[in-house]
Amino acid sequence: YIECDAFFDIGGFQFADYWGTKTAIARYKMIQKCNRFKTSYIFMPQTWGPFSDPDLIQLVNKLTDSAEKSFAREKLSYDNLMQIGCRNNKIQYCYDIAWLFEGEHEDWASHFLMHKGVNLDKTVIFLTPNSHIYSQKKKENINDIEQIAAIIKVLAEEFDAEIILMGHQ
């Protein structure tokens with residue numbers, strides 16, 4: 001912490017009722033350490049909320065108040081933070097930085113997909129569910145997986161598509 005000027009948190013989607021308070025507590029401790037060494041802590045564009053758990057609401061307010069800046073990557077996330085009382089002078093709506101990166105050339109992607117057995121004569125659809133839904137031992141995750149399976153079935157049938165699951169996180 002003492003050798004850093006800033007920490008950039010690129011968590012993506014880590015603060016919502018779905019995830020509970022564990023990560024929020026860990027991040028708050030990290031921000032406190034940063035603040036002791038006068039190291040800036042910035043939450044890069046990510047999804048926030050929804051929030052109904054009073055403990056999590058209190059923690060998220062502490063997080064955003066203690067961080068130098070917090071960015072919400074969608075208007076809904078920004079609204080979620082405002083609804084729980086976060087100070088709007090420390091919160092900003094901003095697109096996700098991932099959209100600013102240039103991808104590989106299309107020829108490379110086509111070659112890679114064909115090598116993996118994907119039929120490029122069909123529509124190819126990538127789904128990127130968060131890998132946490134497979135590892136968390138929550139009853140809700142069964143519903144998430146069932147919903148993903150239902151989405152895959154509809155996409156495959158309606159678009160005669162090749163569906164590729166790419167775990168995210």
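Position 1 is the first residue of the sequence; numbering continues from there.
- In this structure, Lys90 contributes its side chain and Asp65 its backbone to a donor-acceptor pair below 3.5 Å.
- Rounding to the nearest 0.5 Å places CD1 of Ile31 at 12.0 Å from CZ of Arg36.
- Between Ser77 and Gln46, the side chains place no donor N or O within less than 3.5 Å of an acceptor N or O (distance only, hydrogens not considered).
- A chain of hydrophobic side-chain contacts below 4.5 Å, direct or via other Ile, Leu, Val, Met, Phe, Trp or Tyr residues, connects Phe159 to Ile151.
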Next on the checklist: Determine whether Thr123 and Glu162 satisfy the following criterion, side-chain contact (heavy atoms from CB on, under 4.5 Å), listing intermediate values before the conclusion.
Outcome noted: CA-CA 6 Å; Thr123 299; Glu162 290 266 347; over 6 Å; no
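- Side-chain atoms of Asp17 and Ser52 include a donor-acceptor pair closer than 3.5 Å.
- A distance-only check finds a donor-acceptor pair linking the side chain of Thr39 to the backbone of Cys4 [under 3.5 Å].
- Leu165 places a side-chain heavy atom less than 4.5 Å from the side chain of Ile152.
- Between Ile57 atom CD1 and Gln83 atom CD the span is 10.0 Å, to the nearest 0.5 Å.
- Applying the salt bridge (Lys or Arg N to Asp or Glu O under 4.0 Å) criterion to Asp160, with sequence neighbours excluded, gives Lys122.
- Placement of Tyr93 and Val60 within a single hydrophobic cluster is found when ILVMFWY residues are connected by side-chain heavy-atom separations under 4.5 Å, directly or transitively.
- Interatomic distance, Lys153 NZ to Ile163 CD1, rounded to the nearest 0.5 Å: 13.5 Å.
- At a cut-off of 3.5 Å, with distance as the only test, no side-chain donor of Thr64 or Arg87 sits close to an acceptor on the other residue.
- Across every non-hydrogen atom of Leu81 and Ala72, the tightest pair is CD1-CB, 4.4 Å.
- In the hydrophobic clustering of this structure, Tyr28 groups with Met30; members are Ile, Leu, Val, Met, Phe, Trp, Tyr whose side-chain heavy atoms approach within less than 4.5 Å, directly or through other members.
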Item to check | Derivation of the side-chain contact (heavy atoms from CB on, under 4.5 Å) call for Ile164 and Ile125 | outcome: CA-CA 6 Å; Ile164 299 174; Ile125 299 173; over 6 Å; no
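- Counting heavy atoms from C-beta on, the side chains of Phe71 and Ile42 come closer than 4.5 Å.
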Next on the checklist: Let's go through Gln32 and Ser66 carefully: what are the C-alpha distance in whole Å and the side-chain angles of both, what is the deciding distance for side-chain hydrogen bond (donor to acceptor under 3.5 Å, both in side chains) to 0.1 Å, and is it a yes or a no?
Outcome noted: CA-CA 8 Å; Gln32 287 178 312; Ser66 301; over 6 Å; no
Item to check | Test side-chain contact (heavy atoms from CB on, under 4.5 Å) applied to Asp9 and Gln14, step by step | outcome: CA-CA 10 Å; Asp9 186 313; Gln14 56 187 331; 2.7 Å; yes
Item to check | Trace of the side-chain contact (heavy atoms from CB on, under 4.5 Å) decision for Asn119 with Val124 | outcome: CA-CA 8 Å; Asn119 180 357; Val124 179; over 6 Å; no
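- A single hydrophobic cluster is not seen to contain both Phe7 and Ile25; linkage of ILVMFWY side chains at heavy-atom distances under 4.5 Å, directly or through other members, places them apart.
- Here Ile91 contributes atom CD1 and Met82 contributes atom CE; the two are 5.0 Å apart, rounded to the nearest 0.5 Å.
- Taking CD1 of Ile84 as the reference point, atom CG of Leu56 lies at 7.0 Å (rounded to 0.5 Å).
- In this structure the side chain of Asp53 reaches within 4.5 angstrom of the side chain of Thr21, judged on heavy atoms.
- Residue Leu76 is not grouped with residue Trp19 when hydrophobic side chains (ILVMFWY) are merged at heavy-atom distances under 4.5 angstrom, including chains of intermediate members.
- The CD atom of Gln58 sits 11.0 Å away from the CG atom of Leu63 when rounded to the nearest 0.5 Å.
- The ring pair (Phe, Tyr, Trp, His ring centres under 6.0 Å) analysis of residues 39-59, with sequence neighbours excluded, yields the pairs Phe15-Phe43, Phe15-Trp48, Tyr41-Phe43, Phe43-Trp48.
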